[in-house]
Amino acid sequence: MEPTDTTTADPTGNQRGVVFWLRAARAPFFTGSLAPILVGTALAFGESGRVNWLHAILALLALTCLHAGANLANDYYDHISGNDEVNVRYATPFTGGSRFIQQGLARPGEILAASLISLALGGLFGAYLVWATGWPVLALGAFGALTGFFYSAPPLKLGYRGWGEPFIMLDFGVLPVLGAYYVQSKGFAASALLASLPVGLLMTNVLWINQFQDAEADAAVGKRHWVVRLGRGRAVAWHIGLFGLAYLSIAAGIGIGLLPAWAALAFLSAPLAVRACMVSAKHYDELDRLVPANVGTIATHLATSVLLAIGLVLSGL
């Protein structure tokens, strides 16, 4: 008997399956969901010595689905605005979205439908956590889902109006770290808020540097994020500064006793940040040569978050 093929084909002959939709949702960027769940869960373990693995896994699945939904919605509404059509700097994986619509791999309506399905799945995973741990999870999740969807969607279009950066800080830093901590401890703590800051600042920096290549196309359709508003020459100082603030928040947390000394392991990622800063400072206007700064910023975000989580776990052993 021939093996069953679980993929489907669209009218142009493109095979559709899990990998196809993961690519459409830009799965490599899901590290932005993994990092805060790791840190929030590790902090709860460090303070209590216990982990509810079901709650941790469901929190990760819920946030990843919301992340996928936001990415897909961004692709759909950037197509509607004409943003992705005028973007000619999409030769790197960090710019221009997935471009599945522009390449004819998926229809716009299919991308929007996939976004809504992803958000609904995230809501289902979150619903169990609400039932098991309490209503604060609903508030955190609903806020994150709505602001993620309306990052590009009208009428809010947060990313077009200079609000994208602070909401990325909240949606991929403060809120999910607090949420991951809450589903373990059924409470909030100042330590969780402080641990969320480096995660959120570094994820904001990922968005920040990735906007350099897209700036002209974004400006052409009125997407006035802060790189457009400042210009790349001034925005590069903020790229460097966000790294500094992230490491400063960890040092401050250790200094005032809200984070354990083991959290200093996170500083081992500093060479990655320094390298990314050197590239962005030198090549901020040579966009083809800026890619190592994109890569380095993503790597710093993930490495810092993982090292911070390891330090928090070790503090509880």
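Sequence positions, counted from 1, serve as the residue numbers for this chain.
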> Is a donor from one side chain sitting under 3.5 angstrom from an acceptor on the other, for Asp218 and His225?
yes
> What orientation do Trp208 and Trp238 show, parallel under 30°, tilted 30 to 60°, or perpendicular over 60°?
tilted
> Could you check whether any side-chain heavy atom of Thr300 comes within less than 4.5 Å of a side-chain heavy atom of Tyr247, counting everything from C-beta outward?
yes
> Output, in order, the C-alpha distance, side-chain angles, deciding distance and verdict of salt bridge (charged side-chain N to carboxylate O under 4.0 Å, His left out) for Glu286 and Arg232.
CA-CA 10 Å; Glu286 301 173 87; Arg232 284 189 289 262; over 6 Å; no
> My understanding is that only residues two or more places apart in sequence, or in another chain, count here; which of them pass side chain to side chain donor-acceptor pair (under 3.5 Å) with Ser280?
His239
> Tell me whether Tyr181 contacts the main-chain N or O of Ala189 through its side chain, where contact means a donor paired with an acceptor under 3.5 Å.
no
> Compare every heavy atom of Ala264 with every heavy atom of Ile254, then report the nearest pair and how far apart it is.
CD1-N, 3.5 Å
> Kindly say whether Gln184 contributes a backbone atom to a donor-acceptor pair with the side chain of Asn52 at under 3.5 angstrom?
no
> Rounded at 0.5 Å granularity, tell me how far CG in Leu193 sits from CG in Leu258.
9.5 Å
> Looking at Arg224 and Tyr160, would you say the former's side chain and the latter's main chain have a donor-acceptor pair under 3.5 Å?
no
> In sequence, state the C-alpha distance, the side-chain angles, and the governing distance for Leu112 and Tyr77, and then conclude on side chain to side chain contact (heavy atoms under 4.5 Å, CB included).
CA-CA 9 Å; Leu112 179 59; Tyr77 286 105; 4.2 Å; yes
> When clusters are formed from ILVMFWY side-chain contacts under 4.5 Å, directly or step by step, what else is grouped with Leu268?
Leu34, Ile37, Leu38, Phe45, Val51, Trp53, Leu60, Leu63, Trp262, Leu265, Leu302, Val306, Leu307, Ile310, Val313, Leu314, Leu317
> For Lys157 versus Ser152, what's the shortest heavy-atom pair and its separation?
CG-O, 3.5 Å
> Do the non-hydrogen side-chain atoms of Phe172 and Val199 ever get within less than 4.5 Å of each other?
no
> Could you check whether any side-chain N or O of His55 sits under 3.5 Å from a backbone N or O of Val183, counting only pairs where one atom can act as donor and the other as acceptor?
yes
> Does Thr147 have any side chain to side chain donor-acceptor pair (under 3.5 Å) partners at least two apart in sequence or in another chain, and if so, which?
Asp171
> With a 6.0 Å cut-off on the ring centroids, do His67 and Phe29 count as close?
no
> Checking the side chain of Thr64 only, and the main-chain atoms of Leu61 only, is there a donor and an acceptor separated by less than 3.5 Å?
no
> Hey, is Arg99 close enough to Asp75 for a salt bridge, meaning N to O under 4.0 Å?
no
> Do Asn294 and Gln213 have a side chain donor and acceptor closer than 3.5 Å?
yes
> Are Phe20 and Phe100, when compared by the centres of their aromatic rings, separated by less than 6.0 Å?
yes
> Answer yes or no: is there a donor N or O on one side and an acceptor on the other, between the side chain of Ser115 and the main chain of Leu72, under 3.5 Å?
no
> Cation-pi between Arg229 and Trp226: NZ/CZ under 6.0 Å from ring centre and within 45° of the ring axis?
yes
> So does Leu230 get a backbone contact from the side chain of Arg234, meaning a donor-acceptor N/O pair under 3.5 Å?
yes
> With rounding to the nearest 0.5 angstrom, report the CG to OG1 distance, Leu245 to Thr204.
10.5 Å
